[in-house]
There are 2 protein chains.
Amino acid sequence: MLELRLVQGSLLKKVLDAIKDLVNDANFDCSSSGFSLQAMDSSHVALVALLLRAEGFELYRCDRNISMGMNLGNMAKMLRCAGNDDIITIKADDGSDTVTFMFESPTQDKISDFEMKLMDIDSEHLGIPDAEYQAIVRMPSAEFAKICKDLATIGDTVVISVTKEGVKFSTRGDTASANVVLRQNTTVDKPEDATVIEMTEPVSLTFALRYMNSFTKATPLSGTVTISLSSELPVVVEYKVAEMGYIRFYLAPKIEEDEDETKPEV
Amino acid sequence: MLELRLVQGSLLKKVLDAIKDLVNDANFDCSSSGFSLQAMDSSHVALVALLLRAEGFELYRCDRNISMGMNLGNMAKMLRCAGNDDIITIKADDGSDTVTFMFESPTQDKISDFEMKLMDIDSEHLGIPDAEYQAIVRMPSAEFAKICKDLATIGDTVVISVTKEGVKFSTRGDTASANVVLRQNTTVDKPEDATVIEMTEPVSLTFALRYMNSFTKATPLSGTVTISLSSELPVVVEYKVAEMGYIRFYLAPKIEEDEDETKPEV
DNA sequence: GCCCTAGTAG
DNA sequence: CTACTAGGGC
């Protein structure tokens with residue numbers, strides 16, 4: 001028996017909007033510690049990891065570990081039927097091949113339940129090793145989204161270069177090239193607006209903007225995003241899910257074999 | 001000679017937006033008592049009845065009964081040329097085969113008139129008998145529209161079940177099923193937000209969501225909708241047209257022959 | 001032509 | 001946060 005009650009149901013709606021474009025089908029794994037998901041995107045290039053800790057739910061009952069395969073598009077459609085202030089409860093009986101989402105309006109005058117068939121999905125649960133990163137950038141998530149969107153109008157890849165002074169996002173296209181430099185800046189009114197760089201070593205890596213722009217679908221979840229970079233390691237783009245956990249996106253850097261063709265540094 | 005002056009011209013615009021998707025061509029019937037329309041939808045499944053009473057017009061002159069056949073799409077297009085605050089006057093001369101719509105801006109600085117050819121339309125004016133209904137539900141029209149839209153993402157039909165406690169809308173599709181329960185609730189801030197059930201007998205009927213979703217195009221006309229249900233009778237979905245009359249949509253229930261295939265009750 | 005989505009305004 | 005509007009895609 002599984003029963004998870006989340007008063008701030010809009011969080012779950014946002015989580016699904018954040019990953020449904022990247023991943024079609026995935027297993028949600030439920031254990032006593034929390035509700036999580038790990039999946040490769042459909043082209044097997046990026047990886048998304050979601051964790052919602054048990055403590056973040058108003059009620060969390062999970063008698064035994066269970067893996068529920070869902071089509072994230074259908075799940076997102078269903079969640080769109082919930083009001084933004086609704087309380088969402090996820091229920092599954094032991095041995096059942098369905099999951100039920102219950103939506104309660106704040107006044108309790110409207111109660112909806114949506115039952116969805118579960119799917120069998122081959123999951124390849126990768127252990128993601130903890131790593132030390134050469135540079136970790138924390139910045140306003142909306143700023144990061146705008147930069148990725150802007151640069152994608154010029155080129156296909158972005159070079160992210162971090163130094164003590166700041167972080168530079170560069171791209172180059174056929175007819176134009178662009179660089180956006182953000183200075184480290186911690187003297188802001190709201191901590192959310194800060195751009196903070198923790199760095200042991202300067203680093204410069206290249207990524208496909210297409211995936212970055214998928215990751216930024218998670219922007220509504222958090223005012224800040226954390227970008228962790230190391231040579232030879234996938235970048236981690238992380239959005240906190242209020243008090244509950246996170247969504248992390250992993251993407252391997254491009255290896256620049258042919259400088260003339262692919263090096264966006266201007 | 002026919003001359004009808006309607007200060008709140010936006011009402012007529014909304015009325016046409018509400019029915020133009022359902023009915024292509026129809027006769028507007030004008031008598032000393034009012035301006036009305038009755039027509040089957042193009043697939044001959046649903047019926048729409050409109051009444052705008054003479055008293056609702058600021059000027060109402062109709063020397064003799066007249067039936068004016070119009071293409072509702074063209075009429076809606078024409079009305080879209082009127083400003084939302086415009087005064088609309090409908091004029092037709094005796095024996096003429098045209099109708100004229102005149103739009104006056106509130107300041108009288110802009111006066112437009114659009115003349116449209118009338119059509120000959122076979123009308124089959126059905127007498128709609130007054131009936132006693134087993135259950136009448138009054139609820140916020142936006143809520144009804146959202147429920148019909150949400151359920152249509154899952155299935156094709158909705159079962160509406162009314163008991164003293166509330167009204168339940170249910171559907172079932174290939175991969176999911178859903179129930180939305182609204183509790184009777186009269187203790188709300190605005191009377192429009194109430195859900196009120198008058199019932200002599202519990203009733204449960206099945207309808208095609210496609211038509212329900214056409215009916216909800218009338219939502220902008222009124223904050224509330226009234227749904228009248230009886231076994232064996234078409235449901236009536238009624239939207240009041242402010243102080244003037246109503247739009248009523250009629251739809252026959254589906255007979256559930258094959259329970260396994262069509263019964264959406266979970 | 002219709003649906004869905006994104007953006008804006010209240 | 002909801003509703004409405006405008007724009008783009010199917």
Side-chain angles (χ1 to χ4, degrees), chain A residues 6-22 71-88 103-107 109-110 112 141-142 145-146 148-150 152-153 213-223 242, chain B residues 10-11 13-14 16-25 41-43 46 71-85 139-156 173 188-190 192-193 208-225 239:
Chain A
L6 181 62
V7 168
Q8 200 180 341
S10 60
L11 283 182
L12 195 61
K13 298 179 67 164
K14 288 179 191 166
V15 161
L16 259 105
D17 285 339
I19 57 181
K20 69 166 203 298
D21 290 339
L22 208 56
N71 176 289
L72 300 191
N74 289 341
M75 183 174 168
K77 249 191 221 165
M78 216 162 256
L79 291 174
R80 241 174 267 139
C81 301
N84 264 333
D85 296 332
D86 282 5
I87 298 165
I88 297 183
F103 310 142
E104 300 167 68
S105 71
T107 58
D109 289 326
K110 180 182 179 185
S112 316
S141 59
K146 177 162 172 49
C148 290
K149 186 165 139 277
D150 289 349
T153 65
N213 275 313
S214 281
F215 302 166
T216 60
K217 297 273 160 65
T219 303
L221 275 169
S222 172
Chain B
S10 60
L11 283 182
K13 298 179 65 164
K14 288 179 192 168
L16 260 104
D17 285 339
I19 57 182
K20 69 165 203 299
D21 290 338
L22 208 55
V23 179
N24 296 327
D25 304 311
D41 83 290
S42 30
S43 54
N71 175 288
L72 300 190
N74 289 341
M75 183 174 169
K77 255 187 216 161
M78 210 162 263
L79 290 174
R80 240 173 268 141
C81 303
N84 264 333
D85 298 330
M139 60 182 284
S141 59
E143 185 73 73
F144 179 63
K146 175 164 170 54
I147 291 169
C148 290
K149 187 167 138 277
D150 286 349
L151 294 190
T153 64
I154 309 261
D156 298 327
V188 288
D189 293 346
K190 289 174 289 183
E192 278 201 352
D193 293 338
L209 277 167
R210 178 183 151 208
Y211 291 101
M212 287 293 174
N213 276 314
S214 281
F215 302 166
T216 59
K217 298 272 161 66
T219 303
L221 276 168
S222 172
T224 62
V225 61
Y239 297 83

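What you see is a predicted model, and the numbers here were worked out from it, not measured in a lab. Naming: A, B, ... by sequence-line order, numbering from 1 per chain.
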*Asks:* Which protein N or O atoms sit under 3.5 Å from an N or O of nucleotides 5-10 of chain C?
*Replies:*
none

*Asks:* By salt bridge (Lys or Arg N to Asp or Glu O under 4.0 Å), which residues pair with A/Lys217, not counting sequence neighbours?
*Replies:*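 For A/Lys217 the salt bridge (Lys or Arg N to Asp or Glu O under 4.0 Å) partners, ignoring immediate neighbours, are A/Asp21.
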
*Asks:* Measure the distance from CG on B/Leu209 to P on C/dC3 and round it to the nearest whole Å.
*Replies:* 14 Å

*Asks:* By side-chain hydrogen bond (donor to acceptor under 3.5 Å, both in side chains), which residues pair with A/Asn74, not counting sequence neighbours?
*Replies:* none

*Asks:* With sequence neighbours left out, write down each residue that passes salt bridge (Lys or Arg N to Asp or Glu O under 4.0 Å) with B/Asp41, or none if nothing qualifies.
*Replies:*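 Here no residue qualifies.
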
*Asks:* Check whether the side chains of B/Tyr239 and B/Thr216 place a donor and an acceptor atom closer than 3.5 Å, and report yes or no.
*Replies:* no

*Asks:* Going by salt bridge (Lys or Arg N to Asp or Glu O under 4.0 Å), name the residues that satisfy it together with A/Lys146, two or more places apart in sequence or in a different chain.
*Replies:*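 For A/Lys146, the residues satisfying salt bridge (Lys or Arg N to Asp or Glu O under 4.0 Å) (neighbours in sequence not counted) are A/Asp150.
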
*Asks:* Which residues satisfy the salt bridge (Lys or Arg N to Asp or Glu O under 4.0 Å) test with B/Asp17, sequence neighbours excluded?
*Replies:*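 With neighbours one apart ignored, the set is B/Lys20.
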
*Asks:* Identify all pairs in which a protein N or O lies below 3.5 Å from an N or O of nucleotides 2-4 of chain D, and state each distance.
*Replies:*
from	atom 1	to	atom 2	distance (Å)
D/dT2	OP2	A/Asn84	ND2	3.3

*Asks:* Return a table of donor-acceptor pairs under 3.5 angstrom between the side chains of residues 7-14 of chain A and protein atoms on other chains or two or more places apart.
*Replies:*
from	atom 1	to	atom 2	distance (Å)
A/Lys13	NZ	A/Ala82	O	2.7
A/Lys13	NZ	A/Asn84	OD1	3.4

*Asks:* Test of understanding: with side chain to side chain contact (heavy atoms under 4.5 Å, CB included), list the residues that count as partners of B/Asp85, not counting sequence neighbours.
*Replies:* B/Pro106

